[in-house]
Peer 1: 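Before anything else, here's the structure in question.
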Amino acid sequence: IVATPYQLSFDHLTTCDEIIDKFEKVAPMLAREYGAVPVVGVGHSCGSLLHVLITSLFPDTPRAANALLSYNNRGVGEAVPFFEELIV
């Protein structure tokens, strides 16, 4: 497990860059010790958003999967466009 702490900010792209930089500093050492292992992003709240951005916008940082918990702090009707028209 590699935890990459970050400073909470609304500048999400800079935060993603900082997270990737921290991970890339330790990834080669881990690969030498354990071999190739899948990278799975795990995030809660803003961490979920950051993992989605990293996976979507930075193709050089592939993920085997992401586990996203509480993607945002809004109700589903506010967070998902047309949810009520389609589901309710």
Side-chain angles (χ1 to χ4, degrees):
I1 295 175
V2 177
T4 49
Y6 59 91
Q7 185 69 32
L8 190 58
S9 164
F10 288 110
D11 185 357
H12 299 310
L13 294 180
T14 297
T15 304
C16 288
D17 281 332
E18 292 169 358
I19 290 169
I20 292 167
D21 287 343
K22 289 177 183 179
F23 180 77
E24 288 179 346
K25 287 180 182 176
V26 300
M29 177 188 63
L30 294 171
R32 283 191 301 275
E33 186 169 342
Y34 299 105
V37 295
V39 176
V40 177
V42 178
H44 173 263
S45 192
C46 186
S48 292
L49 172 62
L50 296 173
H51 279 295
V52 167
L53 290 173
I54 289 169
T55 301
S56 301
L57 300 175
F58 299 91
D60 292 339
T61 59
R63 302 280 191 256
N66 282 320
L68 309 173
L69 309 168
S70 297
Y71 183 79
N72 64 42
N73 61 356
R74 296 180 179 208
V76 69
E78 292 177 277
V80 179
F82 304 110
F83 176 78
E84 292 176 359
E85 290 86 347
L86 295 173
I87 305 299
V88 180

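Since the model is a prediction, treat every value here as computed from it, not as a measurement.
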Peer 1: Look at the side-chain heavy atoms of Ile, Leu, Val, Met, Phe, Trp and Tyr, link any pair under 4.5 Å apart, and say whether F58 and V39 land in one connected group.
Peer 2: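 Different clusters: F58 never reaches V39 through Ile, Leu, Val, Met, Phe, Trp or Tyr contacts under 4.5 Å.
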Peer 1: Could you tabulate the donor-acceptor pairs under 3.5 Å formed by side-chain atoms of residues 13-20, not counting sequence neighbours?
Peer 2:
| unit_1 | atom_1 | unit_2 | atom_2 | d |
| --- | --- | --- | --- | --- |
| T14 | OG1 | D11 | OD1 | 3.2 |
| T14 | OG1 | D11 | OD2 | 2.7 |
| T15 | OG1 | D11 | O | 3.1 |

Peer 1: Apart from F10 itself, what residues make up its hydrophobic cluster, given side-chain heavy atom links below 4.5 Å?
Peer 2: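 So far as hydrophobic clustering goes, F10 is joined with none.
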Peer 1: Apart from V42 itself, which Ile, Leu, Val, Met, Phe, Trp or Tyr residues share its cluster (side-chain heavy atoms under 4.5 Å, direct or through members)?
Peer 2: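 Taking Ile, Leu, Val, Met, Phe, Trp and Tyr as members, V42 shares its hydrophobic cluster with V40.
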Peer 1: Any chance you could measure L53, atom CG, to L49, atom CG, to the nearest 0.5 Å?
Peer 2: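 Here the interatomic distance stands at 4.5 Å.
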Peer 1: Give me each pair satisfying side chain to side chain donor-acceptor pair (under 3.5 Å) with a member in residues 57-67, each pair once, sequence neighbours excluded.
Peer 2: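 Sorted pair list: T55-N66.
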Peer 1: Taking all atoms of both residues into account, what is the closest heavy-atom pair of S48 and G43, and its distance?
Peer 2: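 Smallest heavy-atom distance, with atoms named: OG-O, 2.7 Å.
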Peer 1: Within the structure provided, determine whether L30 and V2 are in side-chain contact (heavy-atom separation under 4.5 Å).
Peer 2: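 L30 reaches V2 side chain to side chain.
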Peer 1: Are F23 and L57 co-members of a hydrophobic cluster defined by side-chain heavy atoms under 4.5 Å apart?
Peer 2: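 L57 does not cluster with F23.
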Peer 1: Mind jotting down which residue pairs meet the side chain to side chain donor-acceptor pair (under 3.5 Å) criterion with at least one end in residues 21-36? Sequence neighbours excluded, please.
Peer 2: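 Qualifying pairs, neighbours excluded: none.
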